[in-house]
Amino acid sequence: MTLSTATPQLGEIRVLRDQGRAIQKVLRINTEGLTQQDSLAQPAPGGNCLNWVVGHMLETWDGLLPVVGQTPVLGRQALERYKRGSAALRDAADALPIETLLAAFDEAANRMDEGLAALTEQKFDAPAPFSPSNNPHETVRSLLTVVMFHQAYHVGQTGVLRRIAGKEGKIR
C-alpha cells in the first residue's frame with residue numbers, strides 16, 4: 001500500500017484546478033455557435049447579456065491572475081466595461097467581440113490552471129491582497145474558493161442566456 005504524500009492543501013488546489021477546467025469547458029459548450037448579435041441578447045425584465053457575463057468572468061480572472069503568479073491577459077483597463085456593478089451592456093458599440101472575449105478567457109483559464117499548479121502551501125495560506133467580500137481575514141485559499149463559486153455561478157447563467165438568444169440548450 002502506497003501512502004499519498006499530498007497534503008490537504010494540495011488536494012484542495014487539485015479540486016480548484018478541476019473546477020476551473022470545468023468552468024472553461026461549460027463556457028465553451030454554452031457559447032458554441034453564438035454570434036456577436038446572439039451574445040448581446042438582453043434578458044427581460046433585467047440582467048445582463050451573455051457578452052457582459054463572459055467579459056465579467058474574464059475581468060475576474062484577469063484580476064486574480066497576479067495572485068497566482070500569472071500576468072493578466074487583456075488587463076483590467078481593457079475590461080473596465082465588464083466590472084462588477086457596471087451598467088447593463090445595451091449598446092453593441094460598448095461590447096468587445098465575443099470571439100475576443102472567449103479566446104482571452106481560454107488563455108486566462110489556462111494561466112489560472114498553471115498558476116494554481118505552481119501554488120505553494122505557504123502562498124495558499126497567505127493573506128489575500130484583496131477581498132471581494134471585505135473579509136479582513138481573507139487568505140489566498142478563501143479568495144480562490146469564493147472566485148471559483150463566482151465563476152461557476154456566472155457560467156451557469158450562460159446556459160440560460162444562450163436560450164434567451166434563441167438557441168437550443170447544449171447541456172441537458
Side-chain angles (χ1 to χ4, degrees), residues 16-68 70-116 128-135 138 142-172:
L16 291 171
R17 292 179 70 202
D18 288 346
Q19 289 174 333
R21 287 189 292 266
I23 289 162
Q24 182 181 15
K25 181 178 180 179
V26 169
L27 181 62
R28 277 313 197 161
I29 290 169
N30 282 339
T31 57
E32 182 181 343
L34 296 183
T35 65
Q36 179 73 357
Q37 183 177 348
D38 294 333
S39 81
L40 296 170
Q42 293 294 321
N48 238 314
C49 63
L50 187 135
N51 185 287
W52 186 89
V53 170
V54 173
H56 177 63
M57 291 174 68
L58 174 58
E59 191 270 339
T60 300
W61 270 161
D62 254 21
L64 191 61
L65 284 170
V67 174
V68 296
Q70 299 289 312
T71 57
V73 178
L74 294 183
R76 296 199 102 170
Q77 186 174 11
L79 296 166
E80 185 74 23
R81 180 65 188 86
Y82 298 95
K83 285 182 79 164
R84 177 183 182 189
S86 62
L89 181 56
R90 302 211 186 282
D91 186 349
D94 290 342
L96 291 174
I98 191 65
E99 298 84 12
T100 300
L101 292 172
L102 290 169
F105 187 89
D106 283 343
E107 180 58 29
N110 292 337
R111 289 181 192 183
M112 180 58 65
D113 188 60
E114 290 172 17
L116 287 170
F130 61 89
S131 173
S133 60
N134 298 316
N135 175 357
E138 192 86 77
S142 63
L143 176 61
L144 287 167
T145 301
V146 166
V147 169
M148 283 300 177
F149 172 79
H150 171 272
Q151 299 295 71
Y153 172 85
H154 284 301
V155 82
Q157 291 177 323
T158 65
V160 174
L161 291 166
R162 176 185 183 81
R163 290 179 177 178
I164 287 171
K167 305 297 182 186
E168 188 172 316
K170 289 289 211 169
I171 300 175
R172 299 184 203 277

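Remember, it's a predicted structure, so these values are computed and weren't measured experimentally.
Contact check for Arg28 versus Phe105: no side-chain heavy atoms found under the 4.5 Å cut-off. Side-chain contact check for Tyr82 versus Val54: every heavy-atom pair is 4.5 Å or farther apart. Taking the side chain as every heavy atom from C-beta outward, Ser39 and Leu34 never approach each other to under 4.5 Å. Using a 4.5 Å heavy-atom threshold, the side chains of Thr31 and Arg162 count as separate. The shortest distance between side-chain heavy atoms of Phe130 and Leu64 falls below 4.5 Å. When side chains are defined from C-beta on, Glu80 does not count as touching Ser86, because their heavy atoms never get closer than 4.5 Å. Two residues are said to be in side-chain contact when any heavy atoms from C-beta on lie closer than 4.5 Å; Asn135 and Leu143 fail this criterion. By the 4.5 Å heavy-atom criterion applied to side chains, Met112 and Leu16 are not counted as neighbours.
Under the 3.5 Å distance criterion, the side-chain polar atoms of Arg81 are matched with a main-chain donor or acceptor of Ala87. Between the side chain of Asp62 and the main chain of Val73, a donor-acceptor pair closer than 3.5 Å is present. Judged by distance alone, with hydrogens and angles left aside, the side-chain atoms of Gln157 form no donor-acceptor pair with the main-chain N or O of Cys49 at under 3.5 Å. Of the possible donor and acceptor atoms, one in the side chain of Asn110 sits under 3.5 Å from a partner among the backbone N and O of Asp106.
Taken to the nearest 0.5 Å, the CG atom of Leu144 stands 12.5 Å off from the CZ atom of Arg17. Remark: Thr158 OG1 to Asn51 CG distance equals 12.5 Å, nearest 0.5 Å. In this structure, CD1 in Ile98 is found 13.0 Å from CD in Gln37, a value given to the nearest 0.5 Å. Taking CZ of Arg90 as the reference point, atom CD of Gln42 lies at 4.5 Å (rounded to 0.5 Å).
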Leu50/Asp38 under side-chain contact (heavy atoms from CB on, under 4.5 Å): CA gap, chis, key distance, verdict:
CA-CA 8 Å; Leu50 187 135; Asp38 294 333; over 6 Å; no
Checking side-chain contact (heavy atoms from CB on, under 4.5 Å) for the pair Leu58/Leu96: CA distance, chi angles, key distance, verdict?
-> CA-CA 12 Å; Leu58 174 58; Leu96 291 174; over 6 Å; no
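More than 12 non-hydrogen atoms from other residues, nucleotides or ligands lie less than 6.0 angstrom from CD of Glu99. Counting non-hydrogen atoms of other residues, nucleotides and ligands closer than 6.0 Å to OH of Tyr153 gives a total of 12 or fewer.
The side-chain contact (heavy atoms from CB on, under 4.5 Å) check on Pro66 picks up Pro72, with sequence neighbours excluded. Under the side-chain contact (heavy atoms from CB on, under 4.5 Å) criterion, His150 pairs with His56, Thr60, His154, not counting sequence neighbours.
Minimum heavy-atom separation, Val53 to Asn48: CG2-O, 4.3 Å. Contact record, Ala95 with Gln36: CB-NE2, 3.9 Å, taken as the closest heavy-atom pair. Shortest non-hydrogen contact noted between Met57 and Gln151 is O-NE2, 3.1 Å. Shortest non-hydrogen contact noted between Glu138 and Ser131 is OE1-OG, 2.5 Å. Closest approach of Gly55 to Leu79, counting heavy atoms only: O-CD2, 4.4 Å. Between Gly159 and Asn30, the shortest heavy-atom distance links the atoms N-ND2, 3.3 Å.
With salt bridges taken as basic N to acidic carboxylate O contacts below 4.0 Å, one links Glu107 and Arg111.
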